[in-house]
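Just so you know, residue 1 is the first one in the sequence shown, and it goes up from there.
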Amino acid sequence: MVTAVALGVLASCAPRVRAPVETPPPPPPPPVVEKPVEVIKPGQEPYRIAVLVPLSGNNAPVGISLANAATLALVDTGKKGVRITSYDTAALGAGVAASRALADGAQLILGPLLASDAHAIRAVAEPKGVTMLSFSNDAAIASGRMMVLGFQPAQSVNRIVSFSVSKGMKRIAGLVPQGVYGQRSSVALTQAAQQYGADIVALTTFERRPAALPAAARRVTDYDARQKLAVGGQKPPIPFDSLLIADAGAVAASFAPHLAKYGASAGSFLMMGTELWNTEPGLVRSPSLNGAVFAAVPDARFAAMARRYGARFGGTPSRLASLSYDAVLLAVSVAGGSWKPGQPFPAAALADPQGFAGIDGIFRFRNNIAERGMEVQQVTPGGFVVVSPAPTTF
């Protein structure tokens, strides 16, 4: 089944784009229900954009948010002559969805959401010269005409290590989960430490189950070795002044009592997180995370977009909705310039080294991956507070 996403003609105060594995979803927004509004003059060839995301199944809340946000971006810009159509990769299958999109004349594909769908879509779209802007955070799929817009853990880790070192904390430990995300975070932590002149004093991998956390906390704090060196019942201090927990904030909060048991009590070190924390506003209610920091894309513009989204569609968008919003902003900024009606979107338009600006701040493509300017936020009882702003230029 093909679901059409509506166009709009009303402009608002949306941020402008300068021309030239996945995280848990929030409560689901309502389905896409608007019918397309025709704004293309008779005889005029439209710019056709396909959004390939799951609109049914377990990932539907995120996919629907992405589809709706694409519509919202078009409405906000007031750009005419652009047609956006969404295709359900869950119901159709990624390859069939891509084939239908191209049969309908798609000149640019926004998607997929899941890295597992990338190969099937690429096999259909790339031979036709069609560029794909994926919402996945899996850097492994970035090649050819497949671009990756998803937030990268490596960039988040690099930013937070840079921040901690700037505060004089150069003895870093890491707790990373088993799996691809943990592996990439581990590599990023090691590389960032080398780049900024810090030392990795402990790097511990853990299983994502509650029973495994105490042993991981014991290892990362070097508790047994410190116990042997105890004098008069006093053990040496923990070996690190900052600790990266490369997992959800809720996992970090679960680690806190175990870390305290082995000598790493709250306040004795700087707890650091990744971009995953940005989707968990409830972390402010966890006393053990008070003062913890994490790196993420700027939030201010997303909050404004979310309000417009709620007014139009109802509900709360997924934090990933900004990816499709910014992708549409980028596309319409090129339409009429290097992107000619009836022609595939020009991949060369993505090569601007100064990048683009959108809901999530500045970004540019390096090796087919969106490089982003990130800010550092701190967890406080009153909410997340920016303690180091994102850059405004590259």
Side-chain angles (χ1 to χ4, degrees), residues 11 13-20 47-51 66 69-70 72-74 76-82 84 106-112 118 122 125-126 128-139 141-152 154-156 158-159 162 275 295-298 300-302 305 320-375 389-394:
C13 57
R16 296 175 63 86
V17 174
R18 187 172 55 78
Y47 298 95
R48 299 181 186 273
I49 300 174
V51 181
L66 289 164
L72 182 63
L74 195 59
D76 283 351
T77 62
K79 182 70 174 182
K80 298 183 179 181
V82 178
I84 297 178
Q107 301 146 0
L108 173 66
I109 289 176
L110 307 186
R122 190 206 313 269
E126 200 152 67
K128 301 295 185 180
V130 175
T131 296
M132 298 147 282
L133 298 178
S134 169
F135 305 128
S136 170
N137 64 356
D138 189 347
I141 69 173
S143 66
R145 288 184 175 272
M146 178 71 74
M147 309 293 171
V148 172
L149 279 169
F151 307 130
Q152 297 296 306
Q155 295 177 22
S156 175
N158 183 281
R159 179 70 168 95
S162 170
E275 81 291 343
V297 294
R301 288 180 176 176
F302 178 82
M305 188 208 79
L320 299 183
S322 58
L323 299 179
S324 63
Y325 189 101
D326 282 355
V328 171
L329 290 185
L330 190 162
V332 300
S333 76
V334 179
S338 58
W339 187 12
K340 305 303 180 184
Q343 299 297 316
F345 179 88
L350 304 176
D352 187 344
Q354 296 305 311
F356 310 90
I359 292 293
D360 291 323
I362 59 172
F363 67 100
R364 63 182 175 184
F365 290 95
R366 304 284 293 272
N367 300 318
N368 286 41
I369 298 171
E371 176 187 2
R372 299 180 177 278
M374 291 190 165
E375 66 186 13
T392 56
T393 60
F394 284 108

Closest non-hydrogen atom pair, [X] against [Y]:
X      : Y      : answer
Arg145 : Ala347 : NH1-CB, 3.6 Å
Ala331 : Trp339 : O-CE3, 3.6 Å
Ile369 : Gln155 : CG2-NE2, 4.2 Å
Thr131 : Leu108 : O-CD1, 3.4 Å
Ala106 : Val130 : O-CG2, 4.0 Å
Ser324 : Ala69  : OG-CB, 3.3 Å

If we ignore hydrogens and angles and just use 3.5 Å, is the side chain of [X] paired with the main-chain N or O of [Y] as donor and acceptor?
X      : Y      : value
Arg364 : Asp352 : no
Gln152 : Asn137 : yes
Ser162 : Asn158 : no
Ser156 : Ala295 : yes
Gln107 : Arg48  : yes
Arg159 : Met374 : yes

task = Describe, in one word, how the ring planes of Phe356 and Phe363 are oriented to each other, choosing from parallel (under 30°), tilted (30 to 60°) and perpendicular (over 60°).
result = tilted
Using side-chain heavy atoms (C-beta onward) and a distance below 4.5 Å, is [X] in contact with [Y]?
X      : Y      : value
Pro112 : Phe135 : no
Glu375 : Pro389 : no
Met146 : Ser136 : no
Val148 : Asp138 : no

When rounded to the nearest 0.5 angstrom, what is the spacing between [atom1] in [X] and [atom2] in [Y]?
X      : Y      : atom1 : atom2 : value
Met147 : Asn368 : CE    : CG    : 4.0 Å
Leu329 : Lys79  : CG    : NZ    : 12.0 Å
Ile362 : Thr392 : CD1   : OG1   : 6.5 Å
Glu275 : Arg372 : CD    : CZ    : 11.0 Å
Arg301 : Asp326 : CZ    : CG    : 9.0 Å
Leu133 : Leu330 : CG    : CG    : 7.0 Å

task = Could you tell me whether the side chains of Asp360 and Tyr325 share a donor-acceptor contact shorter than 3.5 Å?
result = no
request  = Could you verify whether a donor N or O on one side chain and an acceptor N or O on the other, from Arg122 and Ser143, lie under 3.5 Å apart?
outcome  = yes
task = Using the test salt bridge (charged side-chain N to carboxylate O under 4.0 Å, His left out), find all partners of Glu126 that sit at least two apart in sequence or belong to another chain.
result = none
query = So Ser134 and Ile141, side-chain contact (heavy atoms from CB on, under 4.5 Å) or not? Walk me through it.
reply = CA-CA 9 Å; Ser134 169; Ile141 69 173; 3.6 Å; yes
Residues in ring-ring contact (aromatic ring centres under 6.0 Å, His included) contact with Phe151, at least two apart in sequence or another chain = none
